[in-house]
2 protein chains.
Amino acid sequence: MGIAERKNRQKQALRERILDAARRIVMREGFAALSMRKIADAIEYSPATLYLHFASRDEIARALCEEGYAQLLETFVPLARIADPAERLKALGRAYVAFGVEHPQTYRLIFMEDPSYTGAALGGAVGASRKEKGNGHAAAAAGAGSSEAGDEMGNAAAQADDDPGTAALHIMIDALDELRAAGRLSASVASMDPAVWAEALWAGLHGIVALNLTCPVFPSAPLDIVVGVTLDAWLGAPQAAQRQGATGASSAATARAGKSAAGQSTAPGDPTPEPTRRRKNAGP
Amino acid sequence: MGIAERKNRQKQALRERILDAARRIVMREGFAALSMRKIADAIEYSPATLYLHFASRDEIARALCEEGYAQLLETFVPLARIADPAERLKALGRAYVAFGVEHPQTYRLIFMEDPSYTGAALGGAVGASRKEKGNGHAAAAAGAGSSEAGDEMGNAAAQADDDPGTAALHIMIDALDELRAAGRLSASVASMDPAVWAEALWAGLHGIVALNLTCPVFPSAPLDIVVGVTLDAWLGAPQAAQRQGATGASSAATARAGKSAAGQSTAPGDPTPEPTRRRKNAGP
DNA sequence: GTCTATACCCAGATAGAC
DNA sequence: GTCTATCTGGGTATAGAC
């Protein structure tokens, strides 16, 4: 019967309208300003109607988070095809920072707001490249040998069945594994546990984005420079360790970062810019 | 006349009680849960009374921030006396992370909440080691040569007249300058702009703390290990770059980090622990 | 200085008419 | 399915009595 299906379509359509409105509010005024009333107002429905589609404001927030992770994943996917693992990883790092800078409220929501939001889309992906899932917490420091086990399901693009957040992180982890397998890590970090290495790099990038969103005096140098320096520090400035006189940048890779991280189009298809700095009280 | 002074003392005392109560609420339930009503309730005064001491909730928040920065500075001061600049910088880094982990809500408030809070206590300190104050934003990348200018007022401990936040950051920057002057930076980072280097290191540490507070799956390895790896990456694992077989840690320095960052006493005199993870709705 | 009382705002969520 | 109306509870801030 087509009738039930049409009703279903309509229901889905309204659900999308709700999420659209919610996303717009979050992008404009930040997550704290998101309220059921405002959403209802924006879509010209009564507040009560929202509860026919979402059980609570929290559920809407969670849906927005998933969208955010998917959005981040989308900017990663094309970069996953870069052949050279080091270049790929650098491109991913720059894209990660660019995403945070271009979608500050989205980034805040999925990575800086609430542990339950951040955790929802991350099924314990980090630190367990191909280890068992379990809470690898206890003895993770002694797991350097387990990373070259089987290769089935290991390819980045094939992980789309995971949730987006996990998939995005796997793209990074896979690149790291390749890099390690190729023995291309700079001498000073080659001996470390890859999982720790990955988390430390992630922290570095997250720190750059987070400080940029919250700390007015950061960075004093252009953002791309700081990003380039961080990537070089972890991935190793290609070979020549002794070049001196270069003040801020280290290589062509960093120079390119200037373009890619500052420009607005890291990946195709994001129609919605968010205001760069959040004002104290965004509302009128 | 002693009468006016006594009244003044009483007024100051109540002000302190207000801040005490506010601090306790923030530590227990997070900044978002701080309200005038709750403070008034805690000190058994009427809400209206609070407005005789603070113009708004925001003013209370700002006062709490200053306290937070001062608290952070206190944990830095004793470490500023470590002679070796590399060791000093590592100790500072570990203390920084330890502070964030031990006082999550305080750290959130001063570094992750609102740009105006974070900016209030930071008079443009970063990136301008001894340069003029002005917004060194534009050409900061070309300033590698200006760091050994004059030494008057350059000593870390002498900067107590600055606001606490700035002073704390200057302690780190000074250590970096010394390290650079001594030519002790690892080869791969020796050629960089010190200001950029400092900001990137700061971002790395901030990222570790921030992810630890917000991302449930971070880190999978013990925190101290990740901190140690980050410090080694930026400060250089002392000399031996080729040691292999060490899985997570790299040196005695990292091993020590395990103790200092995990233990509860980085600095003397903080009486108030905060719950480690923030629950979604902390209130009953 | 301190209180009570209150004005005025906002929120999330639900009951029950249509 | 959608609405109106409402419950319940929170918040900032102020007026005016004491």
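Below, read A as the first sequence line, B as the second, and so on, with proteins coming before strands; counting in each chain starts at 1.
- In the set dG1(C), dA13(C), dA15(C), dA13(C) carries the atom at the smallest distance from any side-chain atom of S56(A).
- Between E44(A) atom CD and dT2(D) atom C1' the separation is 15 Å, expressed in whole Å.
- Nucleotides of DNA chain C nearest to P47(B) and K38(A) differ in position, and the one nearer the 5' end is that of P47(B).
- Which of dG1(D), dT4(D), dA13(C) sits closest to the side chain of A48(A) comes down to dT4(D).
- Whole-Å rounding puts the I39(A) CD1 to dG12(C) P distance at 8 Å.
- Checking dT14(C), dT2(C), dT4(C) against the side-chain heavy atoms of S46(B) singles out dT4(C) as nearest.
- Checking dG12(C), dT12(D), dT2(C) against every side-chain atom of Y51(A), the shortest atom distance belongs to dG12(C).
- The phosphate of dG11(D) (OP1 or OP2) has a side-chain N or O of S35(B) nearer than 4.0 angstrom.
- We find that CG of D41(A) is positioned 16 Å from P of dC9(C), with the value rounded to whole Å.
- Computed from coordinates, the L50(B) CG to dT14(D) P distance equals 13 Å when rounded to whole Å.
- Atom CD1 in I43(B) sits roughly 13 Å away from atom C1' in dG1(C) (whole-Å rounding).
- With respect to D20(A) and R23(A), a salt bridge is recorded, a charged nitrogen being found less than 4.0 Å from a carboxylate O.
- A salt bridge does not link R37(B) to D41(B): none of the charged side-chain nitrogens sits closer than 4.0 Å to a carboxylate oxygen.
- Between the T214(B) side chain and the M112(A) main chain, no donor and acceptor come within less than 3.5 Å of each other.
- No engagement by K7(B) is indicated, since no non-hydrogen atom pair under 4.0 Å with the nucleic acid exists.
- Taking all atoms of both residues into account, the shortest heavy-atom contact from G100(A) to L213(A) is O-CD2, 4.0 Å.
- Regarding Q12(B), its CD atom lies at a distance of 11 Å from the P atom of dG1(C), rounded to whole Å.
- R37(B) comes within 4.0 angstrom of a nucleotide base, judged by non-hydrogen atoms across all strands.
- Out of dC3(C), dA13(C), dG1(C), the shortest distance to the side chain of L52(B) is found at dG1(C).
- What separates CG of L14(A) from P of dC3(D) is a distance of 9 Å, to the nearest Å.
- Ring pair Y96(B)/F111(B) is tilted by interplanar angle, where 30° to 60° counts as tilted.
- In this structure, Y45(B) atom OH and dT4(C) atom P are separated by 12 Å, rounded to whole Å.
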